[in-house]
Amino acid sequence: MVPRRYLLNSSRFWSTLKAADSSKADDLYTMNKQLSHLIRSGKFHEAKTMFDEMGKRNTVTWNSMISGYVKRREITQARKLFDEMPDRDTVSWNLMISGYASYLGCRFLEEGKNLFEQMPMRDVVSWNTMISGYAKNGRMDEAKGLFESMPEKNVVSWNAMITGFFDNGDTSSATEYFKRMPERDSASVNAFVSGLVRNGELDEAVRALIEYGSRDGWSEDLIASCNTLIAAYGQKGRVDDARKLFDQIPSNSVQRKTRGRVFERNVVTWNSMIMCYVKAGDIFSARELFDQMVDKDTISWNTMINGYVQILDMEEALNLFNAMPKPDNMSWNSMISGYAQVGNLERAREYFEMMPQKYLVSWNTMIAGYDKNKDYKGAIKLFIRMQAEGEKHDRHTLSSILSVSTGLLNLQLGMQIHQLVSKSVIPDVPIKNSLITMYSKCGALMESRIIFDELKSPKEVISWNAIIGGYASHGYALEALEFFESMKKKNVQPTYITFISVLSACTHAGLVDEGWAYFKSMVSEYGIEPRIEHYASLVDNVARHGQLEEAMDLIKSMPFEPDKEIWGAVLSACRLHNNVELARVAAEALMRLEPESSAAYILLYNMYAEAGQWDAAAEVREMMERNNIRKQKAFSLIDSSHS
DNA sequence: GTAGGGTTAG
């Protein structure tokens with residue numbers, strides 16, 4: 001430790017020197033410091049102005065400016081300065097090489113290599129830069145070649161190789177190099193542990209972390225690896241393993257010590273652990289930790305609020321929202337989307353309007369909320385207001401409005417949004433899926449087919465579902481099944497949604513045997529548990545075909561109580577095949593399930609009447625009157641306020 | 001002024 005008086009003396013010395021301000025060299029030194037400070041704090045344009053106005057520059061001045069361009073990935077500008085500058089030193093060359101090497105693509109890497117070969121003097125940084133450039137481009141053989149032939153390696157060279165191997169999936173070479181390296185620092189251990197995590201070797205990563213931490217000392221940098229591991233366990237749902245690790249990390253925060261740099265839990269550690277619990281749906285454990293936390297940050301609060309939002313109990317979310325010191329955009333959005341999720345659009349809207357600074361995501365959240373709650377008018381009105389207020393939309397906004405068009409089966413609107421998509425966003429796969437779904441559901445199969453065909457292979461199952469569903473629900477059963485077969489050939493795993501469409505296609509095409517076969521393969525080949533919708537479709541298929549007994553057996557075998565769709569299918573099949581007895585069973589079940597509906601009564605009445613069973617028909621009519629059932633007005637999709 | 005590693009939300 002340097003005695004305090006010397007520090008004072010020395011600082012006095014410097015200020016005296018500064019006050020004199022006579023030396024030009026010192027002036028340039030100060031200006032260079034200023035220039036690099038501007039660049040590091042992101043004030044590039046000010047830096048550029050300063051550079052242009054500087055009367056005197058030395059190599060460091062030029063290098064700073066080059067590093068600014070390299071950081072902004074403006075490689076051409078960087079090269080221009082490099083070519084212009086009067087005296088290049090090794091750092092100038094290294095900067096240029098790093099600019100080329102951090103770009104992906106062999107053209108840049110080649111140019112980096114040219115410079116590397118041309119430069120008058122290489123140092124270890126030059127070699128390391130090239131090695132990491134090759135590693136980033138997946139060219140580990142060349143990286144290895146350089147590594148082996150370099151005159152003098154340091155710990156950075158080893159770390160770069162290890163990360164390179166991991167990034168290219170070569171866990172065993174990474175491990176071999178890590179074991180072989182003559183000395184390690186905390187970056188080596190972090191690189192090793194994080195590489196193992198990236199390659200899915202979580203337990204191995206924990207073992208390594210504990211081994212090297214215990215052996216070489218728990219450097220404070222290692223907390224980052226611990227945090228990575230806790231988060232990774234959380235992703236895999238292994239919340240107990242995450243907690244075990246968490247408990248092993250010392251914590252001083254309870255006593256709120258003034259921290260030096262020591263190995264202990266930090267705010268990210270706590271947040272990650274809380275997040276594990278939230279992901280696992282264990283809100284109580286999450287809250288317990290949250291309450292123990294001394295230094296909560298915005299992420300801690302938001303994670304907890306989101307936890308409550310996800311399990312839908314909003315009251316506690318609101319309490320936390322009100323208690324948190326500085327709610328940010330995300331906190332507001334959580335409240336908006338939370339209220340929307342529980343169907344309370346009024347409160348969602350209230351929070352949306354109260355937000356101090358609305359931005360794109362808040363608009364999107366609110367519009368998506370309206371869409372999810374089928375308040376299509378609300379969604380469209382808000383979208384129109386968004387345009388009127390000059391807010392920019394993005395693909396999420398348009399995706400929601402496409403979903404609105406789908407919900408309304410409004411092809412005109414959907415086509416307008418399609419135009420907007422083409423005009424204003426770079427369409428990604430999810431928005432193309434939204435378009436396919438919209439066109440499919442609205443019956444514009446040609447349009448949806450065009451977009452589907454344009455998708456790059458392998459196409460996602462969502463895209464397949466959209467196209468199969470479109471064909472299946474618009475009477476093109478065989479085409480739908482053809483799509484399903486080619487999807488299977490491409491080894492795309494179907495989902496339960498795929499099978500709803502497939503089974504419905506079989507029903508509409510009258511393919512009973514195929515229906516059964518697909519239903520069975522759903523479980524045996526793909527391990528998908530049939531839902532009630534699948535049973536309903538198969539019951540419909542079998543019953544329509546006149547196999548009413550088989551249909552009833554199928555219903556009895558279901559693990560669910562039959563719903564109105566199922567009894568509805570049975571009832572209409574009974575009408576088709578004139579089975580009055582079973583029709584009565586189905587109709588009575590429907591009357592119980594939908595006491596206010598007249599449909600079952602009317603159908604049964606007609607069947608009795610057609611069969612000449614007038615007594616029974618009259619009885620149905622009486623029953624209908626006794627239960628005060630009226631014939632319903634035709635249901636209209638058009639909002640009553642328009643009529 | 002240059003090379004390697006590491007965190008948490010949506």
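Residue numbers start from 1 in every chain, and the chains themselves are labelled A, B, ... in the order their sequence lines are given, proteins ahead of strands.
Taking only side-chain atoms of A:Val91, from C-beta outward, the nucleotide of B:dT2, B:dG10, B:dG5 with the closest atom is B:dT2. Of the candidate nucleotides B:dG4, B:dT2, B:dA9, B:dT2 has the atom lying nearest to any side-chain atom of A:Lys71. Taking every side-chain heavy atom of A:Asn154 into account, B:dA3 is the closest of B:dG5, B:dA3, B:dT7. Each of B:dT7, B:dG5, B:dA9 was ranked by its minimum atom distance to the side chain of A:Thr303; first place goes to B:dA9. In this structure, the nucleotide among B:dT7, B:dT8, B:dG5 sitting nearest to the side chain of A:Asn266 is B:dT7. Comparing B:dT2, B:dG5, B:dT7 by their nearest atom to the side chain of A:Ser67 picks out B:dT2. Taking every side-chain heavy atom of A:Met330 into account, B:dG10 is the closest of B:dG5, B:dG10, B:dT7. Considering only the side chain of A:Tyr359, B:dG10 comes nearest among B:dT2, B:dA9, B:dG10.
Residue A:Asn32 is out of contact with every strand shown, counting any heavy-atom pair closer than 4.0 Å. Residue contacts for A:Arg184: at a heavy-atom cut-off of 4.0 Å it reaches no nucleic acid atom on any strand shown. A:Ser225 comes within 4.0 angstrom of no nucleic acid atom, judged by non-hydrogen atoms across all strands. When heavy atoms are screened at a 4.0 angstrom cut-off, A:Ser186 is found touching base atoms of the nucleic acid. Among the protein residues, A:Asp328 comes within range of the nucleic acid bases, having at least one heavy atom under 4.0 Å from a base atom. Using a 4.0 Å heavy-atom distance criterion, A:Ala191 is classed as a sugar-phosphate-only contact. Using a 4.0 Å heavy-atom distance criterion, A:Asp297 is classed as making no nucleic acid contact. Across all strands shown, A:Leu95 has heavy atoms under 4.0 Å from sugar-phosphate atoms exclusively, and none from any base.
Between A:Trp62 and A:Phe51, the distance separating the two ring centers is shorter than 6.0 angstrom. Remark: aromatic rings of A:Phe321 and A:Trp301 are distant, center separation not under 6.0 Å. If you look at A:Phe82 and A:Trp93, their ring centroids are closer than 6.0 Å.
Using cut-offs of 30° and 60° on the angle between ring planes, the pair A:Phe192 and A:Phe166 is tilted.
Atoms CZ (A:Phe165) and P (B:dG4) sit 17 Å apart, rounded to a whole Å. Rounded to whole Å, atom P of B:dG4 lies 18 Å from atom CH2 of A:Trp158. The CG-C1' distance, from A:Leu289 to B:dA9, rounds to 16 Å in whole Å. Here the P atom of nucleotide B:dT7 and the CG atom of A:Leu209 are 13 Å apart, to the nearest Å. When the P atom of B:dG10 is taken as reference, atom CE of A:Met366 falls 21 Å away, rounded to whole Å. Between A:Met273 atom CE and B:dT7 atom P the separation is 18 Å, expressed in whole Å. Taking atom CZ of A:Arg198 as the reference point, atom P of B:dT7 lies 8 Å away to the nearest angstrom. If you measure from atom OH of A:Tyr177 to atom P of B:dG5, you get 17 Å, rounded to the nearest angstrom.
A:Arg243 and A:Tyr277 form a side-chain donor-acceptor contact under 3.5 Å, judged by distance and modelled atom types alone. For the residue pair A:Asn271/A:Asn227, the side-chain donor-acceptor check at 3.5 Å is not satisfied. Under 3.5 Å, the side chains of A:Tyr359 and A:Asn333 contain a donor-acceptor pair of N or O atoms.
One cannot find a donor-acceptor pair under 3.5 Å joining the base of B:dG5 and the side-chain atoms of A:Asp185. In the interface, the side chain of A:Asn271 is not paired with the base of B:dA9 through any donor and acceptor atom under 3.5 Å apart.
Here A:Lys153 does not reach the OP1 or OP2 of B:dG4: none of its side-chain N or O atoms lies under 4.0 Å away. OP1 or OP2 of B:dG6 has not a single side-chain nitrogen or oxygen of A:Thr228 nearer than 4.0 Å.
A distance of 4.5 Å separates CG of A:Asp394 from CG of A:Asn364, quoted to the nearest 0.5 Å.
Contacts between residues 104-131 of chain A and DNA chain B, counted as heavy-atom distances below 4.0 Å, involve A:Val125, A:Asn128, A:Thr129.
Contact annotation: the side chain of A:Asp241 never approaches that of A:Lys236 to less than 4.5 Å [non-hydrogen atoms, C-beta and beyond].
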